[in-house]
Amino acid sequence: MKSSQLFTKTLKDAPADEQAKNAQLLIRAGYVYKVMAGVYAYTPLGLKVLENIKQIVREEMEAVDGQELIMTNLQTPEPWKKTGRWSEEVVDVWFKTKLQDDSELGLAWSHEEAIMEMMRGFVKSYKDLPIKAYQFQTKLRNELRAKSGIMRGREFLMKDMYSLHATEADMDEYYDKVIDAYKKVYERLGLGGDTFVTFASGGAFTKFSHEFQTVCDAGEDILYINSDKTIAVNEEVLEDATKEIGVNRDELTSTKSAEVGNIFKFGTEKSEQMDIYYTAEDGTQKPIYLASYGIGITRVMGVIAEKFADDKGLIWPESIAPFQVYLVQIGDTFEQAEALYEKLSNSGVTVLWDDRDVRPGEKFADAELIGLPHRIVVSEKLEGQVEYSSRTDSEKEVLTVEALLAKLGN
RNA sequence: CGGGGUGUGGCGCAGUUGAUAGCGCGCUCGGUUUGGGACCGAGAGGUCGAAGGUUUGAGUCCUUUCACCCCGACCA
């Protein structure tokens, strides 16, 4: 894509009403547009990042037999009334509205009840289980206070998967498989080394649920980690968890972290509350075991923006960058740039070609702000060769086009 | 929801003791430039978050209200 075709413009100054680093950089570079507190639009560059994150998550969910679907944002109250979660005392983030005939609706903040209601008609027999279904959906939550840019919004994109099982053992086994799948996701997102599976507070029916916490200064949680990084505990449950696993609190060091995933065993609670049963092999009616698995897609994007940025701008991991290469065209080199653009595109390398009629300094500054992994310069000075540098290492090398292609792995 | 702060062109800001708005960036046109956000000249663009009030006169004072940011509480 050519830079001249992007409708977004980069900004030298961040808006004064944003403090969070992720929001400042994402707005300055043209990835997001703020509509109101906690509500952001994703412009073409930002959408590409989201789609790349989604694709990684999608592949790993498919690898554990997840089936993708999409549920609705408008929800009927009945299923939520059965589980008690329509009550604003129980769930205080509901956006509620009404149809013209005055009947009530809720705007989706989660989908456990919704998917169970849907499954009522599909799960009749033990032969129908297990079921693993996931979606990417916009969640709407009327948070008292939105903050930290796109890391805690009132409208955000989430991957939520639900698994339904005939037995607890089957649920437990699958739950552990999803933990491994999640680890692969964070690994591929470049967060592997800094992301921990932690004990977290859960409902009465599971002593602990698990969170995936990524070390991040902008996070809202405090994580306690041991020296060889094999144990990480959320401060919320520090007392109980240290007792449970028998570690001494003094052996743990604390760090700020952001919750990038949350998995949860509901067990048969929803099934029983909603009166949804399957027929077992022996002909009896039995409740369904439910577990849910969330990853905040937009939050992950915010965490990555925060963690990897430097004083010049964003730094995207190769796996989710909107384009692989920022092509800086200097001087009267349009045809050379075009040929290189074609060549790279044909070999599967995505390129943002800065074809604008602006001075080189501005292009270099924008290359850094936008944060693509690789920068290539085409200039008359280079006499047909190209200059390569990576976003994380300012050392430049002059290469032939062939050598460049080899370097980019083609 | 409690506390603190801020709202002036797209963005960042200035407007002293009240006299109907100014700077930088960006934008348009012309020219000179062209490897690290150039320079010269000429322009366009705001009624000062909103409503009400005081006053001959309000961006500046008063009241109400809305929005945004930060801290806290909350986050099933």
Side-chain angles (χ1 to χ4, degrees), chain A residues 3 7-21 23-24 27-30 33-40 80 83-94 109-113 139-149 151-154 156 158 200-206 208-209 211 218-222 234-237 258-259 262 264-266 269-270 273 292 294 296 299 312-313 326-334 354 356-370 375-383 385-387 389 394 396 398:
Chain A
S3 294
F7 68 78
T8 51
K9 307 274 184 259
T10 54
L11 291 173
K12 281 187 189 173
D13 301 307
D17 73 349
E18 288 287 5
Q19 291 292 309
K21 183 164 65 170
Q24 289 192 344
I27 290 171
R28 283 185 54 210
Y33 169 80
K34 182 183 200 167
V35 175
M36 64 181 98
V39 180
Y40 295 84
W80 298 92
T83 64
R85 295 210 290 181
W86 184 251
S87 159
E88 318 219 343
E89 270 133 49
V90 178
V91 175
D92 63 2
V93 294
W94 271 117
W109 63 276
S110 188
H111 286 84
E112 285 90 3
E113 277 75 346
K139 305 293 183 193
L140 301 165
R141 294 187 185 180
N142 199 352
E143 298 278 358
L144 222 42
R145 181 184 163 205
K147 60 178 202 172
S148 307
M151 291 174 63
R152 173 112 182 243
R154 296 198 165 93
F156 59 95
M158 185 170 181
S201 56
F205 42 88
T206 53
F208 298 112
S209 66
E211 289 177 343
E220 299 180 61
D221 292 304
I222 308 284
N234 193 319
E235 188 176 49
E236 288 172 4
V237 294
E259 182 192 320
N262 190 347
F264 206 90
K265 292 176 189 174
F266 282 90
E269 186 196 37
K270 296 290 167 205
Q273 288 171 331
S292 74
R299 175 179 286 182
K312 292 181 174 154
Y326 195 100
L327 175 58
V328 179
Q329 171 202 334
I330 296 177
D332 187 17
T333 57
F334 181 89
D354 195 340
R356 297 172 302 165
D357 183 24
V358 297
R359 293 167 66 88
E362 197 170 336
K363 297 191 181 192
F364 292 139
D366 280 348
E368 281 148 354
L369 178 59
I370 289 171
R375 188 186 85 181
I376 296 171
V377 179
V378 170
S379 158
E380 287 160 318
K381 261 173 65 172
L382 298 165
E383 297 171 347
Q385 301 203 87
V386 297
E387 177 191 285
S389 59
S394 57
K396 302 166 191 165
V398 177

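We name chains A, B, ... by the order of the sequence lines, and we start the count at 1 in each one. Everything quoted here is computed from the prediction, not taken from an experiment.
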Does [N] have a Watson-Crick or wobble mate here (both distances under 3.5 Å), and if so which one?
| N | value |
| --- | --- |
| G24(B) | C11(B) |
| C1(B) | G72(B) |
| C39(B) | G31(B) |
| G52(B) | C62(B) |
| U17(B) | none |

Starting at [atom1] of [X] and ending at [atom2] of [N], how long is that distance when rounded to a whole Å?
| X | N | atom1 | atom2 | answer |
| --- | --- | --- | --- | --- |
| Phe156(A) | C75(B) | CZ | P | 15 Å |
| Glu387(A) | G36(B) | CD | P | 11 Å |
| Asp17(A) | C70(B) | CG | C1' | 12 Å |
| Leu144(A) | G3(B) | CG | C1' | 14 Å |
| Tyr40(A) | C69(B) | OH | P | 6 Å |
| Asp357(A) | A38(B) | CG | C1' | 13 Å |
| Lys139(A) | C75(B) | NZ | C1' | 16 Å |
| Glu89(A) | C74(B) | CD | P | 17 Å |

Mark yes or no for a side-chain to base donor-acceptor pair under 3.5 Å between [X] and [N], with no hydrogen or angle criteria applied.
| X | N | value |
| --- | --- | --- |
| Gln329(A) | G35(B) | no |
| Asp366(A) | G37(B) | yes |
| Arg28(A) | G10(B) | no |
| Glu362(A) | G36(B) | no |

Would you mind telling me which of [options] lies closest to the side-chain atoms of [X]?
| X | options | answer |
| --- | --- | --- |
| Pro15(A) | G36(B), C75(B), C11(B) | C11(B) |
| Asp13(A) | G24(B), C1(B), G26(B) | G24(B) |
| Lys147(A) | C11(B), C71(B), G35(B) | C71(B) |
| Ala37(A) | C68(B), G35(B), G12(B) | C68(B) |
| Asp92(A) | G12(B), G36(B), C74(B) | C74(B) |
| Lys12(A) | C1(B), G36(B), G26(B) | G26(B) |
| Gln19(A) | C11(B), G35(B), C70(B) | C70(B) |
| Thr10(A) | G36(B), G37(B), C11(B) | G37(B) |
| Met36(A) | C68(B), G36(B), C1(B) | C68(B) |

Hey, does [X] reach any base, or is it just sugar-phosphate, or nothing, if we go heavy atoms under 4.0 Å?
| X | value |
| --- | --- |
| Val377(A) | base |
| Val358(A) | nothing |
| Leu369(A) | nothing |
| Arg375(A) | base |
| Glu368(A) | base |
| Arg141(A) | nothing |

Less than 4.5 Å apart, any side-chain heavy atom of [X] and any of [Y]?
| X | Y | answer |
| --- | --- | --- |
| Arg299(A) | Glu259(A) | yes |
| Trp80(A) | Val90(A) | no |
| Arg152(A) | Arg145(A) | no |

How far does the [atom1] atom of [N] sit from the matching atom of [M], given to the nearest Å?
| N | M | atom1 | result |
| --- | --- | --- | --- |
| U56(B) | A14(B) | C1' | 28 Å |
| C74(B) | A50(B) | P | 37 Å |
| A38(B) | G26(B) | P | 7 Å |
| U17(B) | C62(B) | P | 13 Å |
| C40(B) | G5(B) | C1' | 42 Å |
| U16(B) | A21(B) | C1' | 15 Å |
| U47(B) | C11(B) | P | 14 Å |
| U54(B) | G15(B) | C1' | 22 Å |

* Could you tell me whether Lys34(A) atom NZ has more than 12 heavy atoms of other residues or ligands within 6.0 Å of it? =>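 Atom NZ in Lys34(A) is packed in, count exceeds 12.
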Just to confirm, is there a sub-4.0 Å distance from OP1 or OP2 of [N] to any side-chain nitrogen or oxygen of [X]?
| X | N | value |
| --- | --- | --- |
| Arg152(A) | C74(B) | no |
| Arg359(A) | A38(B) | yes |
| Lys34(A) | C69(B) | yes |

* Given RNA chain B, 5'-ward residue of the pair Ile330(A) and Arg85(A), judged by closest heavy atom ->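 Nearer the 5' end of the strand: Ile330(A).
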* Please tell me which of Glu18(A) and Lys9(A) maps to the more 5' nucleotide of RNA chain B, matching each residue to the nucleotide holding its nearest heavy atom. =>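 Final value for this comparison: Lys9(A).
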* Asked: For Arg141(A) and Met158(A), which heavy atoms make the closest approach, and how far apart are they?
  ->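 Arg141(A) and Met158(A) have their closest heavy atoms at NH2-SD, 4.4 Å.
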* Which pair of non-hydrogen atoms, one from Ile330(A) and one from Thr333(A), has the smallest distance, and what is that distance? ->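 Here Ile330(A) and Thr333(A) meet closest at O-OG1, 3.0 Å.
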